[in-house]
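One-based numbering along the sequence shown. In listed order, ligands and their atoms are each counted from 1.
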Amino acid sequence: MSMSKVGKVITVDGPAASGKTSVSRELAHRLGWKWVSTGAFYRGLAFAAQELGISTNDKDALVKLSLSNQWKVQLDEDRTRVLFGPRDVTKEIAAEKVGELASQVSQIPEIRRELLEAQRACAQDVVGLVAEGRDCGTVVFPGAHFKVYLTANSDARAQRRAEEHGQSAETIKASQSQRDHLDSTRKVAPLQASADAFIVDTSNLSLPEVVDKIIQKFRDSGF
Ligand code: DC
């Protein structure tokens, strides 16, 4: 009987558009590790609910949907993919609107509990995993080998997403600040830096600069 083995884990948490995705993906590439965006689980569920006409207030239906095989998350080197039935909806779930819905469904404790196991399973049978989200260092992988928390000022964050989505920075800023408020004030697993996290402000740093800083600190910590 083969026993599943849990690999090393680095967690990268932070608010919307703090650079988590680009940083964690690059970090995983440089280390030769796997990478997962845990936000894809909440986005996938929110997207599936939207397609099926399930309201974000309908807790029972959402909990049921979180356990169903109507949608699933797949690890990939460049994106954390979401499949809805046979459809690859990875592009669709990136929309800011889906992020807002994801933030709403992520408030429900039962849903967080249901999705936790699948998120933890991403660290099984891998050499290493970089996991990014809001509560990866505090709840999903509290025993992670190394924890990072990214911050950036709200203008820099809105500007980043505006460039990605071709929308105005003002509109994005309003949506992000509402989402950050929801994510930071929820009762279960709110967005917060783990006490033992390495905190990096990415506002004025390039992607390679942020990744270099993290790798240096990771190595200095004896890994
Ligand atoms: O990182 P993201 O923008 O893809 O996340 C979308 C939403 O999902 C985010 O606003 C809150 C929720 N989320 C969460 O509650 N916990 C996580 N670990 C990741 C995301």
Heavy-atom distances under 4.0 Å decide this one: backbone, side chain, both or neither, for [X] against ligand 1?
X: D135; answer: both
X: Q119; answer: neither
X: R186; answer: side chain

Within a distance under 4.0 Å of any heavy atom of [X], pick out the atoms of ligand 1 and give their elements.
X: G133; answer: 18 (N), 19 (C)
X: R43; answer: 2 (P), 3 (O), 4 (O), 6 (C)
X: S106; answer: 11 (C), 12 (C), 15 (O)
X: R179; answer: 3 (O), 5 (O), 6 (C), 7 (C), 9 (C), 10 (O)

Does atom CG of N204 have more than 12 heavy-atom neighbours from other groups under 6.0 Å away?
no
Nearest protein heavy atom with distance in Å, relative to atom 16 (N) of ligand 1:
R112 NH2, 3.1 Å
When distances are taken from atom 8 (O) of ligand 1, the protein heavy atom at minimum range is Y42 CB, 3.5 Å
Scan side-chain atoms only and decide if R43 and T80 contain a donor-acceptor pair under the 3.5 Å cut-off.
no
Return the option from R134, E96, E100 holding the heavy atom at the smallest distance from atom 1 (O) of ligand 1.
R134
Could you say whether the N/O atoms of T38 and ligand 1 ever approach to under 3.5 Å?
yes
Short N-O contact, R25 and D78, less than 4.0 angstrom
no
Just so I know, are the side chains of [X] and [Y] near enough to count as touching, which here means a heavy-atom distance under 4.5 Å?
X: D60; Y: K64; answer: no
X: D76; Y: T90; answer: no
X: D183; Y: P15; answer: no
X: V130; Y: F146; answer: no
X: W71; Y: V89; answer: no

